[in-house]
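Only heavy atoms go into these numbers, but all of them, side chains included; no hydrogens, no water, no symmetry mates. Count residues from 1 along the sequence.
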Amino acid sequence: MWAITRGGFYQKLLNFPKTISRPLMATSNLIRVSSPAYSTGSPNNVPSKRVGTHSGSFHCDEALGCFMICLTTKFSNSEIVRTRDPKVLEGFDAVLDVGGVYDPSRDRYDHHQKGFEEVFGHGFNTKLSSAGLVYKHFGKEIIAKELQLGEDHPNVQRLFLAIYKNFMEAIDAIDNGINQFDTDKPPRYVNNTNLSSRVGRLNLDWMDPNQSPEKENEAFQQAMALAGSEFLDSVRFHAKSWLPARSIVMECIADRYDTDPSGEIMVLKRFTPWKLHIFELEEEMKVDPPIKYVLYEDDRGKRWRVQAVAISPDRFESRKPLPAQWRGLTDDELSKEAGIPGCIFVHISGFTGGNQTYEGALAMARTALKI
């Protein structure tokens, strides 16, 4: 068994220092940032290692990379030092996002140098940022610690891949300037609410008269805390919610022929966020034909819902919407049109509908398959 420990990563986040030490070296652009992985109250917690990253304006990848590397056993008692001085960087135990070298044997994790094309692997082809490099080499250790499992446990591997797909890859892509869609058309709307954008806004405002290294360093601390907290939230969510949901959806897919001989209707034994899993599991389990409708009980009203499966995880269109003649109708009018008692509604887009009973919802799905 595994569990999220309150005394683990979240305690380290709570201990994230509010103040910084002034540079002890003569380099004017050198700033030291206390690691979130130790408190200053004990002589045993004197930093034994130094992790370097660049000074100046920062991005999400090095803020998150610095946070993550301090969660590892190797760098759990480290200090973050921000500088661009190559001679200073050379003496550090690890260097992220600066230095022009990717060499995990020396804990060098830069991605800006010519010829760098490292990717995560496992079917992912997005070029890595410094955060992606840290995750590639230390992600399993971080996840295994939080789950209190060995790194070779199947659940650790599943979460390692899932967290990269659902959290890390976007940070790598944005930092490397990779468009989300293969199109020359301009986006239909602007999205500046992603983590990378929010971290970027923590940089010092150009209008602020105080552009001191100390204030810049405080901003970087805030960036580490923001990126780190969302990374830990992702680990917690995938461990406590995503993984159990995956198991439930897998069982329900396996039992789909017990619901209907078509194999195109799935019933959830209990409500769970199935949309996160159905596409991957269909591919993994070689489901053919694909599932068209998912039935589940609405706990709020103790009524049953029938929902059409989307054509892909990032699209709103359904594989087979509920019939056009039902859409927008409710109650008796809908029941009469469908010839099924107990109907409650069908959404105007046809992506979902409801019935008073399980038998009614199943009849709606079976009838919709034939229309």
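One distance of note links SG of Cys60 with CZ of Phe231; it measures 11.5 Å at 0.5 Å rounding. Rounding to the nearest 0.5 Å gives a distance of 12.5 Å between CD of Gln148 and NE2 of His153. Separation of atoms CG (Asp107) and CG (Leu133) is listed at 11.5 Å; rounding is to 0.5 Å. To the nearest 0.5 angstrom, Ile171 atom CD1 is 5.5 Å from Ser196 atom OG. Between the CZ atom in Arg246 and the CG atom in Asn155 there is a gap of 9.0 Å [rounded to 0.5 Å]. The CG atom of Leu159 lies 5.5 Å from the CG atom of Leu147; values are rounded to the nearest 0.5 Å.
Linking Ile, Leu, Val, Met, Phe, Trp and Tyr whenever their side-chain heavy atoms come within less than 4.5 Å leaves Val249 and Trp304 in two separate clusters. Under the 4.5 Å side-chain heavy-atom criterion for ILVMFWY residues, no single connected hydrophobic cluster contains both Ile311 and Val287. Side-chain heavy atoms closer than 4.5 Å link hydrophobic residues (I, L, V, M, F, W, Y) into clusters, and following such links, even through other members, never connects Leu276 to Met250. Linking Ile, Leu, Val, Met, Phe, Trp and Tyr whenever their side-chain heavy atoms come within less than 4.5 Å puts Leu226 and Phe58 in one cluster. In the hydrophobic clustering of ILVMFWY residues, with side-chain heavy atoms under 4.5 Å counting as a link, Ile174 and Phe167 come out apart.
Contact of the Cys66 side chain with the Phe220 side chain is registered, since non-hydrogen atoms from C-beta on lie closer than 4.5 Å. Side-chain contact between Pro290 and Asp288 is present, with heavy atoms from C-beta onward closer than 4.5 Å. Using a 4.5 Å heavy-atom cutoff, the side chains of Asp208 and Lys215 are in contact. No side-chain heavy atom of Val306 sits less than 4.5 Å from a side-chain heavy atom of Tyr296. For the pair Arg305 and Phe345, the minimum side-chain heavy-atom distance is below 4.5 Å. Contact of the Met224 side chain with the Ile80 side chain is registered, since non-hydrogen atoms from C-beta on lie closer than 4.5 Å. Using a 4.5 Å cut-off on side-chain heavy atoms (C-beta onward), Arg201 and Asn192 make contact. The side-chain heavy atoms of Cys252 and Lys269, taken from C-beta on, include a pair separated by under 4.5 Å.
Ring centroids of Phe316 and Phe351 are separated by 6.0 Å or more, keeping the two rings apart. Checked against the 6.0 Å centroid criterion, the rings of Phe124 and Tyr164 qualify as a close aromatic pair.
Asn191 and Thr193 share a side-chain donor-acceptor pair at under 3.5 Å. The closest side-chain donor-acceptor pair between Glu169 and Thr126 falls under 3.5 angstrom. A donor-acceptor pair shorter than 3.5 Å cannot be found between the side chains of Lys145 and Thr72. There is no side-chain donor-acceptor pair under 3.5 Å between Ser57 and Asn203.
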I'd like to know whether Cys343 forms a side chain to side chain contact (heavy atoms under 4.5 Å, CB included) with Met364, so could you lay out the CA-CA distance, the side-chain angles of the two residues, the decisive distance to 0.1 Å, and finally the verdict. CA-CA 8 Å; Cys343 291; Met364 290 175 72; 3.9 Å; yes

Pair Glu216-Ser55, side chain to side chain donor-acceptor pair (under 3.5 Å): steps then yes or no: CA-CA 9 Å; Glu216 182 184 278; Ser55 55; 5.2 Å; no

Go through the steps for Arg256 and Glu282 under the test salt bridge (Lys or Arg N to Asp or Glu O under 4.0 Å), then give the verdict. CA-CA 12 Å; Arg256 69 192 184 280; Glu282 279 183 330; over 6 Å; no

Show your working on side chain to side chain donor-acceptor pair (under 3.5 Å) between Asp172 and His111 and close with a plain yes or no. CA-CA 10 Å; Asp172 288 337; His111 66 111; over 6 Å; no

As a quick check of understanding, evaluate side chain to side chain donor-acceptor pair (under 3.5 Å) for Asp85 and Thr83, giving each step before the final call. CA-CA 6 Å; Asp85 187 328; Thr83 181; 5.3 Å; no

Derivation of the salt bridge (Lys or Arg N to Asp or Glu O under 4.0 Å) call for Arg236 and Glu146: CA-CA 9 Å; Arg236 179 188 65 177; Glu146 193 63 5; over 6 Å; no

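A salt bridge is defined here as a Lys NZ or Arg NE, NH1 or NH2 lying under 4.0 Å from an Asp or Glu carboxylate O, and Arg319 with Glu264 fails to meet this definition. Under the 4.0 Å criterion applied to side-chain N and carboxylate O atoms, Arg366 and Glu359 are not assigned as salt-bridge partners.
Under a cut-off of 6.0 angstrom, the local environment of NZ in Lys320 is crowded, with over 12 non-hydrogen atoms contributed by other residues, nucleotides or ligands. The local environment of CD in Gln180 is sparse, with at most 12 non-hydrogen atoms from other residues, nucleotides or ligands closer than 6.0 Å. Counting heavy atoms of neighbouring residues, nucleotides and ligands inside a 6.0 Å radius, atom CG of Asp332 does not exceed 12 of them. By the neighbour-count criterion of 12 heavy atoms within 6.0 Å, atom CD of Gln113 is densely surrounded, having more than that number from other residues, nucleotides or ligands. Within 6.0 Å of NE2 in His59 there are 12 or fewer heavy atoms belonging to other residues, nucleotides or ligands.
For the pairing with Tyr109, the side chain to side chain contact (heavy atoms under 4.5 Å, CB included) check across Leu128, Leu96, Thr53 returns one residue only, Leu96. Exactly one residue among Glu62, Arg82, His112 makes a side chain to side chain donor-acceptor pair (under 3.5 Å) with His54. That residue is Glu62.
Judged by the 6.0 Å and 45° rule, Lys136 forms no cation-pi pair with Phe120.
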